[in-house]
Amino acid sequence: MKITEYIQNNILFLDGAMGTVLQHIFPQSSLPSEMLNLHSPDSVKEVHKAYLNAGANVISTDSFGINAFKYTDEELEKLITAAIENAKNAVKECKCQQQKYIAYDIGPLGKLLKPLGDISFDEAVESFSKCVRIAEKSGVDLFFIETMNDSHETKAALLAVKENSDLPVFVSNAYGEDGKLMTGATAGTMATLLESLGADAVGANCSFGPEKTLPVIKELSENTRLPIIMKPNAGIPVFKDGKTVYDVTPDSFAKDISEALSLGVNIIGGCCGTTPEFIAELVKQFSDMKPKKRNVKAKTSVSSYTHAVSFGASPVLIGERINPTGKKRFKQALLENDIDYILKEAIAQQEKGVHVLDVNVGLAGIDEAEMLQRAVTEIQAVCDLPLQLDSSDPTALERAMRVYNGKPLVNSVNAKKESMEKIFPLVKKYGGTLIALTLDENGIPETADGRIKLAEKIINTAQSYGIDKENLIFDPLAMTVSTSKESALVTLECIERITKELGCKTSLGVSNISFGLPTREILNSTFFALALDKGLSAAIMNPFSNKMLDVYYGFNALTALDDGFSAYIEYCDSESGEKAPEKSSENSDSLTDAVFKGRKEFAYTLAKRLLQTTDSLEVINGYIIPALDKTGEAYENKKIYLPQLLMSAEAAARAFDAVKEYRTGEGASKCTVVLATVKGDIHDIGKNIVKLLLENYGFNVIDLGKDVPTDKICSAVTKHDACVVGLSALMTTTLDAMENAVKTVAAVAPNCKIVVGGAVVNQDFATAIGADKYASDAMETVRFCEMVNQQNNFSNGE
Amino acid sequence: MISDNVISSYTLPDASFREIRRYMRAEDTDEVNSLIEECLKEAEKVLWPQVCFCTADVKIADPLVIADTFTLNSKNLCTCLKNSEKIILLAATVGMPFDRLIAKYSVLMPSKALCMHAVGSERIEALCDAFCNDKKISEIMPDGILTPRFSPGYGDLSLETQKIFDSVLKLNKSLGISFNDELLMTPSKSVTAIIGMRKNVNQ
């Protein structure tokens with residue numbers, strides 16, 4: 001019987017610890033546990049047999065530590081084959097009668113994925129895939145991904161299994177005492193992600209004893225319809241009288257597991273510190289039990305790497321600002337690969353309280369697939385909101401869905417045959433909730449009846465791909481009332497009928513309703529209120545529109561969705577804080593002082609005020625730059641220190657924001673400076689400081705980030721015709737990479753000056769590798785770039 | 001002999017502004033202190049201070065031998081551990097979410113990123129101090145005292161030593177610590193250290 005059938009009506013008993021049992025058999029061994037498959041196969045087999053004799057249905061191969069980052073392809077082949085052979089021999093030799101399965105055990109890689117770590121998502125998938133392919137060929141009954149403490153790596157492992165095998169796959173994570181993975185995901189988040197990716201069972205293992213694991217199990221059981229696995233430690237080792245001991249006995253272990261069984265858990269076993277005695281106790285107490293049926297309703301939800309957002313209770317706000325349509329500055333940022341601009345938009349919207357961020361980077365002249373993938377990865381390094389991946393290009397969507405850390409909202413599919421054929425398989429493979437537009441080859445139906453029919457067609461087709469209607473959110477499309485006065489009414493009727501008749505959730509791009517009319521916010525916010533009243537589940541909107549937020553918070557307060565009016569009151573407080581008048585006693589002359597003292601928001605306000613009476617160039621040259629110079633000199637003379645220098649630079653940047661908002665034309669900017677932390681080095685704070693100061697001094701800065709390969713630096717230098725390249729290194733181990741970068745840049749761009757810096761760099765080293773300048777701090781880099789810029793202007797005859 | 005690994009979490013004492021300013025190389029001004037206060041408030045929501053450690057027998061010689069299994073060539077470490085009868089292999093971290101906070105402010109506000117770095121450094125040292133002052137640790141050798149902490153990369157102790165910590169303490173599994181190719185740790189505010197335990201000759 002297939003294991004997926006068996007668990008429908010039976011409690012499935014997993015084995016207990018392998019590593020800690022072997023560690024006690026070979027206390028002096030420095031060999032990793034998995035090597036014992038080759039060096040002492042009988043010992044491994046005997047441990048398997050002991051678990052089978054205890055009554056376990058599933059034995060997991062001793063392969064937790066096997067991965068392609070630790071072993072060569074040949075070693076992988078040998079180790080995995082041996083591990084499976086040892087398990088098979090145990091099954092062969094065991095006379096026990098229970099249903100038996102061999103699981104190929106997959107543990108973490110011990111590496112963190114980018115952007116915070118150093119391996120790419122696809123490298124992780126490929127590492128897992130190598131092992132999966134060998135295990136599949138050698139013959140196992142299922143895959144068991146376990147002890148994963150990072151959601152992204154868990155996704156990589158699960159995807160690797162799905163791409164290389166049709167066997168069932170169980171996934172179990174290791175949660176901390178706070179009920180979260182080490183990278184932040186809650187159990188509910190993991191349930192959302194893993195169910196959408198097609199796991200056959202989900203659960204929790206390792207970390208603690210069964211009692212402390214119960215809250216996690218409860219959260220899992222409330223958030224997924226999948227079977228639940230519980231495989232805890234025998235407590236945690238504690239220090240008692242100078243010795244380490246596990247604090248849970250087989251009997252108390254079984255007692256706590258019985259509580260989990262009452263929650264509907266039906267796959268049980270043990271992790272670190274457990275022995276065959278623990279499993280025997282479980283079998284003794286629970287082998288006659290049948291799994292308790294759970295009644296979990298399917299949810300419409302999406303997730304990030306920390307939390308899930310469900311649709312259907314309080315309306316969900318989707319921030320629309322990461323989209324180049326109609327935004328000149330955004331387009332420029334995309335063309336210049338200025339990812340920081342996008343990140344700032346993301347964080348600013350999060351601070352405004354949106355729940356999901358739309359990410360659309362489609363623009364002529366850029367590689368949208370590449371940019372969407374990069375934007376998604378980089379946004380997820382700094383912002384924990386779930387993302388709505390928004391593109392009309394299925395290739396771009398697929399790349400972004402693949403690397404996305406969580407269950408994304410995908411924008412969009414429609415009732416056109418071609419659209420459904422391209423998008424549904426992506427959602428089936430990578431998981432996700434889809435925005436479904438009620439339009440087809442004939443356009444958007446004018447009537448609500450027509451749009452409802454298309455919605456039904458989408459639901460039926462999705463089902464044929466194995467996608468439930470809970471993973472669809474319908475956008476019945478708001479068309480501007482300026483061309484059809486009935487259009488708002490039709491859309492509102494659709495929202496109501498999709499909600500009531502089809503039992504589905506809805507979303508709208510609200511602002512389309514007012515296109516072509518003046519003072520659009522009035523119409524947008526009124527339409528938003530009407531749509532919410534009809535049951536709208538989500539709105540794609542501008543979170544910087546106070547009128548829209550007024551409606552949102554007001555609606556929640558009036559419809560019992562805001563307990564104690566806490567969100568409403570907090571919103572009102574924050575709004576009144578923002579609108580507080582500036583002190584009238586402060587005059588415009590204070591701008592220089594505000595920048596010098598690092599008073600960011602005050603500098604912004606003063607600059608705005610000054611711009612009403614003063615030419616923008618005068619504001620820059622007469623106020624902001626002198627302040628920066630004053631700060632720079634004070635820093636160089638050790639009268640102030642780095643933090644104050646930075647705070648002042650940030651205040652200057654805010655003052656520049658005011659100037660940019662005021663000035664439509666661009667002033668004469670200085671030459672381009674390319675900045676990078678060299679290959680192998682992940683420290684970037686020094687480089688970021690240099691960037692901030694250079695931008696304040698008017699340089700066009702191309703920031704390539706950290707851990708940048710030399711070829712990427714060279715191509716940026718030539719592409720942007722940079723006058724200076726600044727390279728940073730903080731570790732002695734990356735000095736070779738710096739030397740390589742300096743020599744290569746000097747060869748391909750002899751006119752580009754090279755400045756180097758960082759904790760381990762000094763003048764001697766800079767001279768030895770052929771750099772033009774060693775800068776001991778950020779201000780010295782600025783001075784050097786100013787000098788190069790002047791020389792360039794002079795030689796260009798300016 | 002190497003003991004089983006023990007994982008413990010700690011409640012940290014209040015942060016030392018003086019230490020944070022020292023890491024920032026900043027003066028004691030109102031602006032700096034309010035920046036530190038702001039950072040600490042945010043940091044406290046995500047800090048997750050945890051340690052994983054084990055004890056092992058040690059032979060102080062050239063090379064130094066841990067539990068008859070691992071050898072280390074480091075004169076500086078031998079000096080630090082002089083007369084130690086046992087050692088503690090310690091790993092400590094304030095957790096991954098704190099790295100995301102640093103990453104966020106690296107983009108948004110470098111002054112805050114600088115301050116967050118300093119806060120993280122102060123907090124991880126405070127965690128190691130809390131561990132060394134823990135009464136349970138003194139029970140390992142009731143008449144003993146601890147030597148100063150000695151980390152891979154100090155003096156002549158190679159960064160390669162990180163591999164021993166990883167192999168013994170299973171750092172990814174126990175604390176979520178991973179290493180890049182240059183053997184740097186993520187989360188960045190993590191520490192590995194060897195601490196000697198020797199008899200207190202003054203007693």
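All values below come from the heavy atoms of this structure, side chains included, with hydrogens, waters and symmetry mates left out. Numbers restart at 1 for each chain; the letters A, B, ... are given by sequence-line order, proteins then strands.
In terms of heavy-atom pairs under 4.5 Å with chain A, the best-connected choice from B:Ser138, B:Ser111, B:Pro187, B:Ala103 is B:Ser111. With chain A as the partner, the residue from B:Thr29, B:Val107, B:Asp99 showing the most heavy-atom pairs under 4.5 Å is B:Val107. Ranked by heavy-atom pairs shorter than 4.5 Å toward chain B, the options A:Leu692, A:Ile689, A:Leu343, A:Leu116 are led by A:Leu116. Most heavy-atom pairs under 4.5 Å with chain A: of the set B:Gln50, B:Glu31, B:Lys170, B:Met109, this distinction falls to B:Met109.
Heavy atoms closer than 4.5 Å to chain A are found in the side chain of B:Thr186, but not in its backbone. If you measure heavy-atom distances from A:Lys691 to chain B, you find no contacts under 4.5 Å at all. At a 4.5 Å heavy-atom cutoff, A:Glu146 makes no contact with chain B through either its backbone or its side chain. Of the atoms belonging to A:Tyr305, it is side-chain heavy atoms, and not backbone ones, that fall under 4.5 Å from chain B. Of the atoms belonging to B:Ser188, not a single heavy atom falls under 4.5 Å from chain A. Heavy-atom distances place no part of B:Tyr105 under 4.5 Å from chain A, backbone and side chain included. Only the side chain of B:Leu35 has a heavy atom closer than 4.5 Å to any heavy atom of chain A. Residue contact with chain B, scored on non-hydrogen atoms closer than 4.5 Å, involves the side chain of A:Thr147 exclusively. Proximity to chain A involves both the backbone and the side chain of B:Glu27, based on heavy atoms less than 4.5 angstrom apart. When heavy atoms are compared at a cutoff of 4.5 Å, B:Leu184 approaches chain A solely by way of its side chain, counted from C-beta outward. Residue A:Leu112 touches chain B through both its backbone and its side chain, counting heavy-atom pairs closer than 4.5 Å.
Counting only N and O atoms by type, the side chains of B:Asp28 and B:Asn33 include a donor and acceptor under 3.5 Å apart. At a cut-off of 3.5 Å, with distance as the only test, a side-chain donor of B:Thr192 or B:Gln162 sits close to an acceptor on the other residue. For A:Thr734 and A:Lys679, the side-chain atoms include no donor-acceptor pair closer than 3.5 Å.
Remark: B:Lys112 engages B:Glu42 in a salt bridge, criterion side-chain N to carboxylate O under 4.0 Å. Ion pairing between B:Arg22 and B:Glu19 holds under the 4.0 Å rule for side-chain N and carboxylate O. A:Asp707 has no carboxylate O lying under 4.0 Å from a charged side-chain N of A:Lys114, or vice versa, which leaves the two without a salt bridge. Electrostatic pairing of B:Asp181 and A:Lys111 counts as a salt bridge here, judged by a charged N lying under 4.0 Å from a carboxylate O.
A cation-pi arrangement is present between B:Lys173 and A:Phe64, with the terminal nitrogen or guanidinium carbon under 6.0 Å from the aromatic centre and inside a 45° cone about the axis. No cation-pi contact links B:Arg149 to B:Phe131, judged by a cut-off of 6.0 Å to the six-membered ring centre and 45° from its axis.
In this structure, the separation between OG1 on B:Thr93 and CG on B:Leu171 is 9.5 Å, given to the nearest 0.5 Å.
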